[in-house]
Enquirer: 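Quick one: structure below, then a few questions.
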Amino acid sequence: MEPEEFINRAQNPNNIPGIYNYCDRWCERCTFTNRCLNFDKRSIRNKNIENLDTENKEYWNELESTFADTMKLILHIAEKEGIDLTKTDDADSQKRDDSEKKASKHLISTQAKSYNTMAHEFFEREKSFIENFENDLNTQLKLGINEGNILIKADEVKDIFEIINWYSLQITVKMKRALSGKFNGEEFADENNFPRDSDGSAKVALIGIDRSISAWGKLQQLFPEKTDDLISILLLLDKLRNEIEKEFPTARSFIRAGFDE
Ligand code: SF4
């Protein structure tokens with residue numbers, strides 16, 4: 001960014017101070033680009049910047065509508081399989097006790113890493129399925145069949161992959177920061193009722209998990225034949241969500257500048 005542009009932006013009274021401290025850094029999908037000093041225009045491709053915040057708000061609202069249905073599916077499967085999603089297995093619990101001093105070995109970190117690996121492996125495994133799906137759509141486009149619907153479906157799938165990719169690694173990174181902060185004694189830093197940085201990081205991770213659950217749920221709705229594979233990913237994500245909420249019980253109520261005010 002040119003110095004002059006930076007100065008102009010820094011002087012914009014509309015800016016929300018510190019909004020970028022607890023965002024997910026996905027400027028292309030952010031609903032506050034107009035009020036953020038750190039908004040990175042270079043990340044915006046093929047988008048109308050004027051309407052970006054409004055369009056992104058609609059985008060996330062639409063995704064959120066899938067969350068409730070996906071959670072119903074997760075709970076249904078868990079009940080059917082006799083899985084208690086809120087219970088920490090003894091072996092897992094032991095792991096947590098042994099490694100509490102090291103954030104990177106904490107149960108939440110290992111679960112987050114497992115999720116990242118599972119997501120990556122799913123896409124590797126399904127590479128040819130996805131390629132065939134794309135080829136089918138292209139063939140139908142060439143034949144002029146249902147052009148509008150095909151483009152919507154292609155966009156939907158692209159969005160789902162983008163959301164899953166964006167958050168899969170970020171959840172691990174944010175939770176490492178949250179756990180490190182907590183184990184460094186940060187929990188005693190709120191004598192003056194200052195919000196804890198670890199809660200802020202955990203909240204960003206939780207939002208990433210919620211959005212990922214919705215995205216996987218959408219994928220399941222589009223490709224019901226992949227339900228068995230997707231369910232194990234969803235169950236792990238929900239367990240991770242529960243563990244984070246247990247370890248950081250006040251994270252959900254952390255107020256992020258701009259986003260939660
Ligand atoms: S608040 Fe939004 S615009 Fe600013 S850095 Fe974060 S994602 Fe980008």
Side-chain angles (χ1 to χ4, degrees), residues 1-67 112 115-116 119 155-181 186 194-216 218 237 240-241 244 248 250-261:
M1 193 191 310
E2 294 297 321
E4 206 168 313
E5 192 194 345
F6 184 80
I7 291 168
N8 283 341
R9 279 172 53 182
Q11 287 173 343
N12 179 359
N14 197 34
N15 283 345
I16 300 173
I19 188 171
Y20 39 79
N21 285 334
Y22 299 102
C23 68
D24 59 14
R25 294 283 159 160
W26 198 356
C27 296
E28 192 181 1
R29 290 291 184 194
C30 184
T31 54
F32 282 96
T33 59
N34 270 322
R35 305 188 64 188
C36 175
L37 179 61
N38 275 4
F39 167 52
D40 184 3
K41 261 191 205 164
R42 289 165 306 178
S43 68
I44 310 299
R45 297 177 303 271
N46 309 322
K47 292 223 169 186
N48 175 359
I49 291 197
E50 294 300 306
N51 299 325
L52 191 63
D53 291 359
T54 315
E55 279 172 22
N56 283 341
K57 206 165 260 177
E58 285 164 11
Y59 172 85
W60 290 118
N61 285 346
E62 202 273 320
L63 182 77
E64 238 177 66
S65 64
T66 321
F67 184 79
Y115 164 65
N116 189 27
D155 269 356
E156 255 182 316
V157 173
K158 185 178 142 280
D159 286 345
I160 290 169
F161 290 171
E162 271 186 11
I163 294 167
I164 292 169
N165 266 329
W166 190 266
Y167 292 113
S168 57
L169 185 60
Q170 193 178 76
I171 293 166
T172 312
V173 174
K174 290 288 171 192
M175 285 320 300
K176 198 169 172 214
R177 180 183 165 112
L179 289 162
S180 302
E186 187 223 66
F194 287 141
R196 295 174 191 164
D197 176 74
S198 56
D199 273 346
S201 298
K203 180 161 188 177
V204 178
L206 283 168
I207 292 168
I209 292 174
D210 293 347
R211 288 178 171 177
S212 303
I213 286 177
S214 299
W216 287 108
K218 261 194 155 190
L237 263 184
L240 176 58
R241 200 167 73 103
I244 296 174
F248 297 90
T250 47
R252 288 271 187 200
S253 49
F254 181 92
I255 308 284
R256 296 167 306 149
F259 296 103
D260 301 320
E261 288 166 331

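Any value given below was found using the heavy atoms of this structure, including those in side chains, with hydrogens, waters and symmetry copies removed. Each ligand, and each atom within it, is numbered from 1 in the order the structure gives. Everything numeric here is computed off the predicted structure, so don't read it as measured data.
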Enquirer: Between W60 and R211, is there a cation-pi geometry (under 6.0 Å to ring centre, at most 45° from the normal)?
Expert: yes

Enquirer: Just the protein N/O/S atoms under 2.8 Å from atom 8 (Fe) of ligand 1, please, no waters.
Expert: C27 SG

Enquirer: Does a donor on one side chain sit under 3.5 Å from an acceptor on the other, for N116 and T172?
Expert: no

Enquirer: Would you say CZ of R177 has more than 12 non-hydrogen atoms from neighbouring residues, nucleotides or ligands within 6.0 angstrom?
Expert: no

Enquirer: Will you find, in the side chains of T31 and D53, an N or O donor that is under 3.5 Å from an N or O acceptor?
Expert: no

Enquirer: If the condition is ring-ring contact (aromatic ring centres under 6.0 Å, His included), which residues does Y22 pass it with, not counting sequence neighbours?
Expert: F254

Enquirer: Considering only NZ, NE, NH1 and NH2 on the basic side and carboxylate oxygens on the acidic side, decide whether R256 and D199 come within less than 4.0 Å.
Expert: no

